[in-house]
There are 2 protein chains.
Amino acid sequence: MSAITIKMLARELNLAISTVSRALMDSYEISAATKEKVHALARQLNYQPNHYASSLRRQRSKTIAVIIPEISNNFFSHVINGIESVAQEKNYHVLIYFTHENPQKEAEVIQHLLSGRVDGILMSMAGNGSNHQHLHPIREQGIPIVFFDRICADLDAPTVTTDDFDSSVLATRHLMDVGCKKIAYLSISPHLSIDCKRMQGFQQAIADRQGQVESLLLPCGTDPERNQELITNMLANEKPDGIFASVEKLAITSYHACAALGLAIPADVKILSFSNLETASLLNPALTTIIQPAHDMGKSAATVLFNMLEKRKNRNWERNTVIRSSMIIRRSTQMAS
Amino acid sequence: MSAITIKMLARELNLAISTVSRALMDSYEISAATKEKVHALARQLNYQPNHYASSLRRQRSKTIAVIIPEISNNFFSHVINGIESVAQEKNYHVLIYFTHENPQKEAEVIQHLLSGRVDGILMSMAGNGSNHQHLHPIREQGIPIVFFDRICADLDAPTVTTDDFDSSVLATRHLMDVGCKKIAYLSISPHLSIDCKRMQGFQQAIADRQGQVESLLLPCGTDPERNQELITNMLANEKPDGIFASVEKLAITSYHACAALGLAIPADVKILSFSNLETASLLNPALTTIIQPAHDMGKSAATVLFNMLEKRKNRNWERNTVIRSSMIIRRSTQMAS
DNA sequence: AAATTTTACGGAAACGTTTGCATAAAATAT
DNA sequence: ATATTTTATGCAAACGTTTCCGTAAAATTT
């Protein structure tokens, strides 16, 4: 039941292969009558062009790759959604790869994509590992790439991010405003652009009110159980009254840690987090979140990439797009009344 | 900076193209010495085989497609994760498509995949629309396909599901056991296999205790706001004391509806739901869930598909795999004390 | 009416692989 | 020493498109 090809159409209609091909792509040098005949037969036989043949011949595949750390994460799933919506509109296809925060795996994926398999790449860096050597072949081969959220600073490529620093300043100020005197910043990985920016914002805000509040820094990782242990220990020993979770997962873990220790949120400790959790308002207590424009970031990153692919003459597509996050204050940071 | 090809390697080494090709795929008819030379140069020049050429020549692409309704859904993102883990292991690539519950879009995707673009398909049906005509060409062309969760009964293909009926019976009994006398089942779409099964389980459980409890049926849809309206109205008018949400989204909406009406969960109304929400235990109140083995279902579906692709002689791969869900009882269905 | 352009199509060469077939040289068997 | 097999390689044809080039016929211009 092999698929039907252009060659078969040609034979059936007593036309040259090239004629059929041109008719299908609506070339101007084919008569209306012939086009109609070809299209009719193609429809009738349900002809579908072979994507591999076509991609081989033209040197583009109408396919992009999305490389992300993981998918079980509200942020990334919303981003994907945004990406897919514009890819769909442009009639592009999307290959998806997960690095699971593993730079080794990241390198392998990149390596494979160097073959011309995709026309462009959308990427958010893996957290563990500071070596970016494996990214350089991308630029050498000239494959268009756009980074979003977790960017790679040593590669000259367009980026789409949110205003991590500013949002962190605001969030930290909020914590101080509601009375926190000892705030802990939960870091996910020092090699991550977002984590650095957020931490810098945090520290800046603390520094701005010099001496009024104490700050703590807790380096967490990607292992949930280890994180829970770290956070629990910190809560028990250092007794902070405020927690700034750099990512959603750490906020969730903090909730669990508080429950385990019998600490009340927000009475004993106030918590806020960068997060795209849809149920944030339904949590016990509702979680104050800095909500990132995930969907828009995906759309935006994809749009920039497609601009690159379409080789827009005005090469002034935003090199660095920043889309603002917004903070929603909820009960987890409510001041004692 | 065009990519380097087998032809270049051949020229460089004074070998025939075919020899290089065979050396790279480690054919037995190439001498060890030659193989070594070829591999060395390939490594040095960072040769990457052209996937499109190779896919065209052999008639397989080492690529599978995953077609799902949406991704901003904990169930599907976990499934994808499972799928990707086995695809990665098998060195396959994953194309992803979202139908957004739109059968029209679903048909288009299927249509495109008929071209031999992928070796196999993993699919979960879109909710709206009962017409499955667009799926038949898949079988005609003989493209391997496995359905998971939302299956298509009129296509003879392997399926991977969870025990929807049994779980629903259990869940409904639980609601009755904690004292519910008037239980509403929130349906998402009558055209969905899972919804039907779950509803049947619900009705069976009710029927088993004939006359003791009253049952309600609320047909919801995919529009959140409309759903909220429907649920709020039902809560206000019919005053059920138990809600069985067929999918996570409807449980969340129910929480919001209760909040809007000032109804207390579980005192006024008890709620449970099929759900993979990670924060279920942190909700206010913690939500009783029937948690589906999403990751395992993804792995399983992918495994079945790869068995088909590898044309295992013993064609007795499970036609219908069922992986059990488990219910976790939490405060949202706690009996009044 | 002859010269030129336009229109509509066909032939064939690519794109980068894989693979069936052919074949020299080397190794083994007669 | 000759005949046969094995080993290691090369040639060329695919896979299904797209596209460069060529060219009859038709249309237009001179």
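The sequence lines fix the lettering, A, B, ..., with proteins before strands; numbering per chain opens at 1.
One atom, CG of B:Leu9, and another, P of C:dT17, lie 8 Å apart when rounded to the nearest Å. Regarding A:Ile17, its CD1 atom lies at a distance of 13 Å from the P atom of C:dA13, rounded to whole Å. The CG-C1' distance, from B:Asn50 to C:dA14, rounds to 14 Å in whole Å. Rounding to whole angstrom units, CD of residue B:Glu36 and P of D:dA8 are separated by 15 Å. The separation between B:Leu13 atom CG and D:dT9 atom C1' is 14 Å, rounded to whole Å. As a whole-Å value, the separation of A:Leu24 CG from D:dT19 P is 13 Å. Put simply, CZ on A:Arg60 is 18 Å from P on C:dC15, counting in whole angstrom units. In this structure, B:His51 places its NE2 atom 14 Å from C1' of D:dC15, rounding to the nearest Å.
For the OP1/OP2 pair of D:dG16 and a distance below 4.0 Å, the side-chain nitrogens and oxygens of A:Ser21 include no atom meeting the criterion. In this model, the phosphate group of C:dA14 is not approached by any side-chain N or O of A:Gln59 to a distance below 4.0 Å at OP1 or OP2. Of the side-chain N and O atoms in A:Lys35, none sit less than 4.0 angstrom from OP1 or OP2 of C:dA8. Between D:dT6 and B:Tyr28, no contact under 4.0 Å exists linking OP1 or OP2 to a side-chain N or O. Phosphate contact (OP1/OP2 of D:dG10, side-chain N/O of B:Thr19, threshold under 4.0 Å): present. Contact annotation: B:Ser31 side-chain N/O to D:dT9 OP1/OP2 distance is under 4.0 Å. Between B:Tyr52 and D:dT18 there is no side-chain N or O to OP1 or OP2 distance below 4.0 Å. In this structure, B:Ser55 does not reach the D:dC15 phosphate: none of its side-chain N or O atoms is under 4.0 Å from OP1 or OP2.
No salt bridge links A:Glu12 with A:Lys7; every basic N to acidic carboxylate O contact stays at or beyond 4.0 Å. Between B:Lys299 and B:Glu84, no side-chain nitrogen of the basic residue sits less than 4.0 Å from a carboxylate oxygen of the acidic one, so the salt-bridge criterion is not met. Here B:Glu36 pairs with B:Arg43 in a salt bridge; the nearest charged N to carboxylate O distance falls below 4.0 Å.
The salt bridge (Lys or Arg N to Asp or Glu O under 4.0 Å) test applied to B:Lys37 returns no partner, not counting sequence neighbours.
Nearest to the side-chain atoms of B:Glu29 among the listed nucleotides C:dG11, C:dA8, D:dT9 stands D:dT9. Of the candidate nucleotides C:dG11, D:dT18, C:dT18, C:dT18 has the atom lying nearest to any side-chain atom of B:Arg58. Checking D:dT19, C:dC9, D:dG10 against the side-chain heavy atoms of B:Ala16 singles out D:dG10 as nearest. Which of D:dG16, D:dG10, C:dT17 sits closest to the side chain of B:Ser18 comes down to D:dG10. In the set C:dG10, C:dC15, D:dC15, D:dC15 carries the atom at the smallest distance from any side-chain atom of B:Leu56.
One donor-acceptor pair, N or O on each side, does fall under 3.5 Å between the base of C:dT18 and the side chain of B:Arg57. The base of C:dG10 sits with one of its N or O atoms less than 3.5 Å from a complementary donor or acceptor on the side chain of A:Arg22.
At least one donor-acceptor pair under 3.5 Å links the side chain of A:Asp119 to the backbone N or O of A:Lys62.
Residues B:Tyr52 and A:His51 have side chains that never bring a donor and an acceptor to within less than 3.5 angstrom of each other.
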